[in-house]
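Heads up, the thing below is written out as structure tokens.
Being a predicted model, the structure only gives us computed values, none of them experimental. Below, chain A is the first sequence line, B the second, and so on; all start at residue 1.
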2 protein chains.
Amino acid sequence: MLRVQGKAVHQCDSGWVPVFVDQEQSISLMSVGFLLEKPDEAVVWRGPKKNALIKQFVSDVAWGQLDYLVVDTPPGTSDEHMAVVDALRPYSPLGALVVTTPQAVSVGDVRRELTFCKKVGLRVIGVVENMSGFVCPHCEECTNIFSRGGGEELARHAGVPFLGSVPLDPELTRSLEEGRDFIQGFPESPAFPALSCIAQKILNEAPVGLS
Amino acid sequence: MLRVQGKAVHQCDSGWVPVFVDQEQSISLMSVGFLLEKPDEAVVWRGPKKNALIKQFVSDVAWGQLDYLVVDTPPGTSDEHMAVVDALRPYSPLGALVVTTPQAVSVGDVRRELTFCKKVGLRVIGVVENMSGFVCPHCEECTNIFSRGGGEELARHAGVPFLGSVPLDPELTRSLEEGRDFIQGFPESPAFPALSCIAQKILNEAPVGLS
């Protein structure tokens, strides 16, 4: 997605140097993918090994001064999630951004994520509904492929903010497939206003320098 | 999806009795969901506890005589996957059915699943491409929301069978949302022939009594 496949992580005096996505070094990235010899290699690791690496990604990477640190986790409430919460606790993280798709089966899973956040004392910044409706580019009619409204209902039920719905958008997928800059390349796409609005809500809560 | 929420698992002399989905008892089911007190409860379990339960689900459930045992795993190559492979090895499982969505990011992940299967000696029955194109119910035009063809290319590249593509289908989602029988209720839906064809290919490989 960020055109950094095959890049390597180097070591400096203060730890691992993350991979910089752009020349201005405005986005830096760390992933287990950079540590594998071959891209097809399966990371067959049990919990303790994953936990140790997550800790290292927080403490042993020369992140420098960051405005925001975003950790993208898999679904669930297991080793990875506990390790991330434990590793970030000393830095008072802003909270969890919880993403669901609209249908009941996903909302059910994500409800358990919210219980997890409560249990570990992690604030929920808000809920986002992804894959929320599809506007046909041929006829402009909207179809709710995965049902609709589950995210908003979940947020209301759990008493946490609902930040918005992101529609299914072939232009967003294309931009990710081709590693293009979505903001520059697709400002007219239906997902664009949805994503900007969600980002703005989060920025309002956590202006740079306060996060 | 199967209208069994809230059902309980009972104990008999030969172990846990699975939950029966239909009156004919043609489908029986076991899930950690049946063991929770509240449906919102987060299963905050680390690897070893998950592994132990997976083993129990194979050995301590009174499954009786089964034609097929289907294990639905999360994505990844971690504790759950190793535990399932270890627990089923004595029963010579038929293999893994590997599901991907069409876009490069998913195919990349699933390529690592195939490496995992090879590493642990699990045969790959085949690859299925899910969310493969969407035919607008209003204008009948097809849009490849998540790109297209990644699953087939992956299968060719890995030298394993490609079993077929399942389109995005709001009727399939609706059937799952409402817990309705898709085969009975939506035989005209676009996902129906795709799913039947994939199922038939698997049945041909493993007729009842030989699996």
Give the C-alpha distance, both sets of side-chain angles, the deciding distance and a yes or no for side chain to side chain contact (heavy atoms under 4.5 Å, CB included) between B:F162 and B:E153. CA-CA 9 Å; B:F162 179 66; B:E153 205 183 305; over 6 Å; no

Relative to chain B, which segment of A:N51 carries a heavy atom at a distance below 4.5 Å: side chain, backbone, both, or neither? side chain

Would B:L94 and B:I125 count as a side chain to side chain contact (heavy atoms under 4.5 Å, CB included) here? Give the steps. CA-CA 7 Å; B:L94 184 66; B:I125 305 172; 3.8 Å; yes

Among B:E41, B:R112, B:M1, B:H81, the residue with the most heavy-atom pairs under 4.5 Å to chain A is B:R112

Hey, which of B:Q103, B:M82, B:K38 has the most heavy atom pairs under 4.5 Å with chain A? B:M82

Rounded distance (nearest 0.5 Å) linking atom CG of A:D67 with atom CD1 of A:I27: 11.5 Å

May I ask you to decide whether A:E205 forms a salt bridge with A:R123, counting only side-chain N to carboxylate O separations under 4.0 Å? yes

Rounding to 0.5 Å, atoms CG (B:L97) and CD1 (B:I198) come to a distance of 8.0 Å

Between A:F134 and B:F134, is the ring centroid distance below 6.0 Å? yes

Which of the residues B:P39, B:G33, B:A83, B:P74 is involved in the greatest number of heavy-atom pairs with chain A at under 4.5 angstrom? B:P39

Taking B:R174, B:Q5, B:K50 one by one, which has the highest count of heavy-atom pairs under 4.5 Å against chain A? B:K50

Under 4.5 Å heavy-atom distance to chain A, tell me which part of B:C117 shows up: side chain, backbone, both or neither. neither

Under 4.5 Å, counting heavy-atom pairs only, tell me which of B:L168, B:I145, B:T173, B:D169 racks up the most with chain A. B:I145

